Amino acid sequence: MPPSAEPAGPPVTRQTSLSARAKGVRLMAAVVGVALLCVGTFWGDDDAFPFGPFRMYSTSTPPNGNIHVMALEARMPDGSWREVPLDAPVVGVNRAEVEGQVPRFQADPALVGKLVEAHDRLRPAEPRWTGARLVMRYLKLRDRRFVGTEERVVAQWLR
Amino acid sequence: MAALNRWFFGPVPLARVAVFRIAAYLFIPLDLLVLRPLGSQHASATDLYKPLIVAELLHLPRPTPWLIVVVTWTLIPLALAAAALAPSGRWQRVLGTAIFLLYFEQLIISFSFGKVDHDRIAYVVALAVLPTVAGARLRGSGSAESAAWALRCVQIAVVATYFLSAFAKLRFGGIEWVNSATLVRAVMRRGTGVGRLLLDYPWTLHWAQWGIMLMELSSPVVLVLRGRWRYAAVGVLTAFHLMVYATISIMFWPHVLCLLFAFLPTERLVRRGAAGAGAAGSTAPTLVGGQDAHRGAAGETVPVVGDEPVRPVGQPPEGRDAQEQPQG
């Protein structure tokens, strides 16, 4: 009978089993992974990746509180200040990353200069900035509705 | 113990792993070049490096522009090769292990600049466990306990991303998180046009927070759902991610990939038309991890409405699981 002919019985399904030891190792790996994730969730922070807490948008913003948004302003060659995108394609890091390092920028404003240097490298065709400052904007809420903005300079660096 | 054994190791089709590998490895160039090309951008700002604990524990080198370029451009060809070879199952353990290690290093670097994304855990787990499955071929008809464990691990990681994030909210935001203005903040920070429309109706965002908390706390149910209920749950979760994307332009791309490919019987995509002639009549292939999805209380096979594979009449399913055979 040629191989393409109809087989007489149901199709044979190959099933691969694991040894008891292989199962034990796999089970243990899963248990350890889950346990570390749980520990990270309750006691760790983002720097514990891959076992840190899943804390995206986990903080509470009071309905009558402020929303913090970091902005970057750059000094142009003519001396004027202009808001520029705080985004990785422009300055090498994005807004959330800068917000995650606010105390570092406050302690060492020269780090703002690293954003300017990153802009020099990433956008060589654009005018070179002669300085930059990180501005924290406080968007004020009343009963969950936006009512106004306040600003504060976090760190400034001039070339 | 027997139930745990069956839940974790009840064999699933190896072809499902092959499909998952193709998707997972093709995602890498897409991720590194289009969705999140942060690595190459970080190379211009290495002074802002702030190492993770794991980088210090493993004594990983401080990233330099050169290191970032080498990791990125080693990963991409390896991932393309692994995706190309995945249908045949060849070189998957070696390539997969190398890809896992390099991608992990790439993420460690990428997350060492002050911001960690939370959509990668299931994907990292997938990259870690996919190489542990031997003999997975796209057109193969076999099933394996190793495949079941690998997919279960990814499923657990997907569910943990929801479930544990509820506890992170309680820890960092407190119980008042559900009544806070956190989603107003999300929309004001990065809302789309659609999202900003909701700012005029803040009660929608308020109630959405209750919905999110309930969804996250109840997410483990997905691990034991069967048949069309599981499809519905995957559909609801996918719709949730699409809604988040439409309103605040955040998309958990690798997480959604894992949600779809670890929970759905994707081998049906390649079995259509591939099954040869054979004996007719049998049960449908199993759901992912729901190895005993169609079995009744007494162990007999029972059909699940809406769970039938699409195939010509009289054409048998290829490689259905051994556990799907009538037991008694």
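Note on naming: letters A, B, ... go to the chains in the order of the sequence lines (proteins, then strands), and numbering restarts at 1 for each one. Everything numeric in this text was worked out from a predicted model, so none of it was measured.
Residues of residues 18-28 of chain A having a heavy atom under 4.5 Å from any heavy atom of chain B, listed by number: A:L18, A:K23, A:R26, A:L27. Heavy-atom neighbours of chain B within the stretch residues 121-136 of chain A, taken at a separation under 4.5 angstrom, comprise A:R121, A:L122. For residues 62-73 of chain A, a heavy-atom distance under 4.5 Å to chain B picks out A:P62, A:P63, A:I67, A:H68, A:V69, given by residue number.
Residue B:W207 qualifies as open at atom CH2: its count of foreign heavy atoms under 6.0 Å is 12 or below. Counting heavy atoms of neighbouring residues, nucleotides and ligands inside a 6.0 Å radius, atom CG of B:L57 exceeds 12 of them.
Heavy atoms only, all atoms of each residue included: B:F113 and A:Q101 are closest at O-NE2, 2.9 Å. Taking each heavy atom of A:K114 and B:D47 in turn, the nearest pair found is CD-OD2, 3.1 Å. Nearest approach of B:T161 to A:M56, heavy atoms of both residues: O-CE, 4.1 Å. Residue A:P53 comes nearest to B:R171 through the heavy atom pair CG-NH1, 4.2 Å, listed as atom of the first residue, atom of the second, then distance. Annotation for B:L48 and A:L111: closest pair CD2-CD2, 3.8 Å, computed over non-hydrogen atoms.
Of the two parts of B:W149, only the side chain, counted from C-beta on, holds a non-hydrogen atom closer than 4.5 Å to a non-hydrogen atom of chain A. Looking at B:N5, only its side chain comes within 4.5 Å of chain A, counting heavy atoms on both sides. For B:L205, no part lies under 4.5 angstrom from a heavy atom of chain A. Only the side chain of B:L14 comes within less than 4.5 Å of a heavy atom of chain A; its backbone N, CA, C and O stay farther away. For a residue to count as touching a neighbouring chain, one of its non-hydrogen atoms must lie under 4.5 Å from one of that chain's; by this rule B:T46 does not touch chain A. Contact of A:R104 with chain B is made through the side chain alone, with heavy-atom distances under 4.5 Å. Within the 4.5 angstrom heavy-atom criterion, only side-chain atoms of B:I156, from C-beta onward, approach chain A.
No donor-acceptor pair closer than 3.5 Å links the side chain of B:S180 to the backbone N or O of A:T59.
Between chain B and the options A:T16, A:T61, A:N94, the largest number of non-hydrogen pairs under 4.5 Å is found for A:T61. For chain B, the option among A:V90, A:V93, A:D143 with the highest count of heavy-atom pairs below 4.5 Å is A:V93. Interface summary for chain B: among A:G100, A:G92, A:S60, the most heavy-atom pairs under 4.5 angstrom belong to A:S60. Highest contact tally toward chain A, considering only B:I250, B:V178, B:D200, is held by B:D200 [criterion: heavy-atom pairs under 4.5 Å]. Most heavy-atom pairs under 4.5 Å with chain A, from the set B:S165, B:A166, B:A150: that is B:S165. For the set A:A29, A:A48, A:P50, the count of heavy-atom pairs under 4.5 angstrom toward chain B peaks at A:P50.
Side-chain atoms of A:R95 and B:R189, non-hydrogen and from C-beta on, do get closer than 4.5 Å to each other. With a 4.5 Å cut-off on side-chain heavy atoms, A:F54 and B:E216 do not count as touching.
Taking NZ of B:K50 as the reference point, atom CG of A:D47 lies at 7.5 Å (rounded to 0.5 Å).
In this structure, B:F104 and A:F49 have tilted ring planes: the angle between them lies in the 30° to 60° band.
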Show the atom names and distances, to 0.1 Å, of all donor-acceptor pairs under 3.5 Å that link a side chain in residues 30-46 of chain A to residues at least two apart or in another chain.
from	atom 1	to	atom 2	distance (Å)
A:T41	OG1	A:L37	O	2.8
A:D45	OD1	A:R55	NH1	3.0
A:D46	OD1	B:H118	NE2	3.1

> Can A:Y57 and B:R185 be said to form a side-chain contact (heavy atoms from CB on, under 4.5 Å), step by step?
Replying inline: CA-CA 9 Å; A:Y57 286 101; B:R185 168 164 59 104; 4.0 Å; yes
